[in-house]
Protein chains: 2
Amino acid sequence: MKTADPELMRAINRLSVLDTIRRHGPISRVEISERTELSTTTVSAITASLLDDGLILTRHEGDIRNAAARGRPRVMLEVNPDAARVVGAKIAASRMVFVVANFRGDVLSTLTLPIRIDRQPIAVIADLVEDGVRRCVVDAGLSLEDVDSVCLGIPGVIEHRTGHIRSSPIFREVNIDFAAEMSARLSTPTIIESDAHAITLGHHWFGKARELEDMVLVSLEQTLGLGVLHRNRLFRGAGGLSHNLGDLVLGIGPQGVMRLSSQAGESAILGEQQTDGRFAEAIRLGRGMTHVQALIQADDDRLITAAVRAGEAIGLTIANIVTLFAPPRVILVGSSLALGEPFLNSLRDAYALAIPPSLKGVSELVFDDSTDDFWAQGAAAVALYELYESPWSTTGPAL
Amino acid sequence: MKTADPELMRAINRLSVLDTIRRHGPISRVEISERTELSTTTVSAITASLLDDGLILTRHEGDIRNAAARGRPRVMLEVNPDAARVVGAKIAASRMVFVVANFRGDVLSTLTLPIRIDRQPIAVIADLVEDGVRRCVVDAGLSLEDVDSVCLGIPGVIEHRTGHIRSSPIFREVNIDFAAEMSARLSTPTIIESDAHAITLGHHWFGKARELEDMVLVSLEQTLGLGVLHRNRLFRGAGGLSHNLGDLVLGIGPQGVMRLSSQAGESAILGEQQTDGRFAEAIRLGRGMTHVQALIQADDDRLITAAVRAGEAIGLTIANIVTLFAPPRVILVGSSLALGEPFLNSLRDAYALAIPPSLKGVSELVFDDSTDDFWAQGAAAVALYELYESPWSTTGPAL
DNA sequence: TGAATTTAATTTGCCTGGCGTAAAAAATCC
DNA sequence: GGATTTTTTACGCCAGGCAAATTAAATTCA
């Protein structure tokens with residue numbers, strides 16, 4: 001049972017005001033007061049403190065109300081883009097994407113390194129990540145000292161709280177304290193988060209869940225991940241663990257346990273193909289569904305069969321997740337979406353079949369084929385969220 | 001984003017203190033101060049207000065410390081058993097169990113009505129429930145006016161927040177506002193909760209999860225339910241919904257979707273038996289595992305086969321739930337446990353097989369064969385929890 | 001043009017309700 | 001009575017809330 005004190009109270013309300021300003025663009029104090037249900041007195045005090053800390057800016061234009069508004073015009077407040085800078089990254093088996101974002105979450109620069117880092121030793125991967133972060137920061141015309149924190153989105157079972165990677169397909173080792181490693185290398189606070197969690201928060205901040213406070217996201221990449229947004233926050237398991245959907249069991253077959261990853265993981269779908277890897281690459285790039293579909297159609301039916309089977313397995317899994325969490329929306333992301341209609345249709349069909357009648361209609365499925373930049377931007381959002389939450393001004397406006 | 005004000009602060013700390021007193025028996029103010037990390041000043045003020053409201057009592061004995069303690073002896077505080085009374089109930093298809101509990105959760109009287117209410121019209125069920133509540137209250141030597149609230153634990157998909165029963169195996173209708181119905185009949189505030197949630201809180205208060213703040217419970221009865229305790233609170237889905245594990249899909253078979261309930265539901269296991277129902281009754285009574293096992297052994301293998309299959313399905317499901325929630329403990333309850341070793345062994349084996357290696361050892365399985373009273377007591381705990389949370393004294397000690 | 005009107009934002013008291021420290025009061029043992 | 005420990009009281013500080021007055025920056029109207 002957490003105990004409450006004035007400081008906590010102040011932190012909560014500060015975050016509430018700052019987040020309201022972030023979400024609702026330039027906004028006047030009156031409107032903040034309405035939205036947060038804080039008194040105008042308090043809003044005035046808090047915004048003064050935020051202005052003092054340089055986290056927000058005033059703007060004397062853009063009052064959206066009736067142009068013929070009488071009375072003193074509202075002063076609009078907005079997040080100060082230059083209050084901080086963070087780096088967000090998506091680390092995947094065949095590429096790394098870096099993004100430098102300002103305090104508002106705007107992307108200042110992007111860097112994609114199409115390198116296969118699969119199962120390299122930690123030191124090699126850490127070298128590449130460090131290099132990518134540094135380069136991307138330089139591309140943005142900044143220096144690493146200008147960066148307040150870094151968040152790395154990594155596939156696998158990530159323990160955000162401790163910064164440990166429990167297990168990840170791109171690491172040979174298990175239980176690595178990667179956050180400490182990278183913090184030391186970059187001499188900048190570095191957060192580790194599951195890639196699925198990162199893009200979940202990304203969708204909450206910038207994407208297809210902006211207006212929702214509860215939501216579930218399923219990521220279909222090399223790893224099958226899950227992100228749960230619960231009351232505007234990432235829901236992390238009891239130990240602050242991320243979820244790994246690929247470990248879910250569908251049943252026991254002749255060869256032992258059949259896990260979802262063996263049905264619907266990227267390698268399960270593509271692995272049977274002994275081709276030159278055109279599919280894999282086209283799909284991983286995540287762009288040009290039509291291109292991939294053309295490839296699929298030109299090929300024999302094996303890939304299609306695999307895609308249909310995968311879609312079915314995932315449709316069932318999503319139905320099960322909806323049964324457990326009953327979110328108003330489920331967002332699907334990831335490279336596997338590029339498999340196109342055969343996959344999506346079987347997914348939708350299996351979902352429709354498997355969703356219990358009593359929950360029919362509570363959840364809508366949304367497919368999202370954002371580029372990798374968006375994942376990295378999501379990681380940046382994770383980093384920013386922690387900055388938003390942090391106290392900043394020691395205590396009180398003082399002076 | 002919730003907004004904080006002094007009232008909320010006070011409510012949080014009051015609950016924290018009251019809950020500490022409840023959990024740690026007679027306890028002195030100093031110790032409360034240590035446990036809650038509130039200052040002795042604040043603890044003193046809050047306890048004074050609680051004493052003023054009659055929610056706690058002082059006791060000038062029982063200081064456990066060194067008998068030769070010098071200085072002013074600690075005054076022990078404990079929850080006032082008579083500060084309130086609630087009724088908790090477990091409503092099941094073949095019986096109803098009622099419990100009257102005091103403010104501490106002690107059971108004052110118990111009433112079991114072995115009536116099959118399966119699929120009766122609402123009015124009939126409501127009549128029986130009303131009757132049961134009234135009788136149990138009288139048995140406790142009380143009148144309904146002495147009862148502060150009632151909580152009914154019901155199988156199925158229950159929407160606690162609105163008091164609606166979305167769907168339940170014991171009701172023909174769906175979407176019933178049963179809380180309103182019973183509140184009106186009893187003219188006492190009545191809460192509806194999933195039976196699984198009720199016993200989950202019961203275990204947190206009185207049972208096998210007293211020391212945990214995260215935990216998962218799986219109930220195996222006519223309905224397969226799930227309760228998740230997250231940071232000392234029941235985790236209710238996005239809509240305040242309870243979970244219905246029976247709706248989980250295991251796969252798509254020749255006859256369409258295969259749900260967990262068809263493999264492991266009570267009727268799935270027993271339904272094939274064309275016997276006179278001795279099994280069903282023996283199992284439902286939940287007592288005397290050995291008796292049931294004797295019946296099982298005397299019978300042919302069909303029941304055993306069904307039990308093994310059910311255990312397997314549930315073992316897999318639990319592994320999946322652990323994959324999603326990573327709780328330190330999973331408690332299994334419900335009549336199906338009475339199926340005995342064949343069932344439990346196959347459950348354990350399937351779980352061990354299905355749990356992903358990276359999560360091996362994070363969760364321990366605990367089996368609990370409490371009687372129905374305990375379920376009802378859990379429902380009482382749900383009612384009490386809401387009383388504990390409620391403000392009581394309007395605001396401040398005043399006077 | 002200038003005064004009245006209107007709405008926004010800030011400031012000023014005065015309330016509650018936390019916190020902490022320090023000191024006083026209380027209750028027991030020696 | 002002195003020593004010791006618990007509990008309460010007193011005081012000042014920092015949160016937030018309300019209400020009312022004040023200041024600010026427009027628009028409207030005479």
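Every value quoted in this text rests on a predicted model; they were computed, and no experiment measured them. Within every chain, numbering begins at 1; the chains are lettered A, B, ... in the order of the sequence lines, protein sequences first and strands thereafter.
Nucleic acid contact for Val43(A): none, since no nucleic acid atom lies under 4.0 Å from a heavy atom of the residue.
With a 4.5 Å cut-off on side-chain heavy atoms, Val382(A) and His197(A) do not count as touching. Between Thr20(A) and Ile27(A) the shortest side-chain heavy-atom distance falls below 4.5 Å.
Between Asn13(B) atom CG and dG16(D) atom C1' the separation is 15 Å, expressed in whole Å. Leu77(A) places its CG atom 11 Å from the C1' atom of dA9(C), with the value rounded to the nearest Å. Distance Ile32(B) CD1 to dT7(D) P: 9 Å, rounded to the nearest Å. Distance Met76(A) CE to dA25(D) P: 17 Å, rounded to the nearest Å. The CD atom of Glu31(A) sits 15 Å away from the C1' atom of dT7(C) (whole-angstrom rounding). We find that CE of Met9(B) is positioned 14 Å from P of dC14(D), with the value rounded to whole Å. Residue Leu51(B) contributes atom CG, which lies 12 Å from atom C1' of dT7(D) at whole-angstrom precision. Between Leu15(B) atom CG and dG18(C) atom P the separation is 14 Å, expressed in whole Å.
Nearer the 5' end of DNA chain C, as judged by each residue's closest nucleotide, is the contact made by Ser28(A), out of Glu37(B) and Ser28(A). Mapped onto DNA chain C by nearest heavy atom, Leu38(B) and Ala48(A) fall at different nucleotides, with Ala48(A) at the one closer to the 5' end.
Of all nucleotides listed (dG16(D), dA8(C), dT7(D)), dG16(D) comes nearest to the side chain of Ile46(A). Here the side chain of Val30(A) is nearest to one of dT7(D), dA9(C), dG16(D), namely dA9(C). Listed nucleotides dG18(C), dT10(C), dT7(D) differ in distance to Ser44(A); the shortest reach to its side chain belongs to dT10(C).
A close approach under 4.0 Å does occur between a side-chain nitrogen or oxygen of Arg29(A) and OP1 or OP2 of dT10(C).
With respect to the salt-bridge test (charged N to carboxylate O, under 4.0 angstrom), the residues Arg14(A) and Asp53(A) qualify. Ionic pairing of Glu211(B) and Arg329(B) is present here: one or more N-O contacts between side-chain nitrogen and carboxylate oxygen are shorter than 4.0 angstrom. Between Glu389(B) and Arg233(B), at least one side-chain N (NZ, or NE/NH1/NH2) sits under 4.0 Å from a carboxylate O, which counts as a salt bridge. A salt bridge is absent between Arg85(A) and Glu145(A): the closest approach of a Lys/Arg side-chain nitrogen to an acidic carboxylate oxygen does not fall below 4.0 angstrom.
Looking at every heavy atom in both residues, Thr190(A) comes nearest to Leu186(A) through OG1-CD1, 3.9 Å.
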Pairs under 3.5 Å (N/O, protein and nucleotides 21-23 of chain C):
residue : atom : partner  : partner atom : Å
dT21(C) : O4   : Thr41(B) : OG1          : 3.1

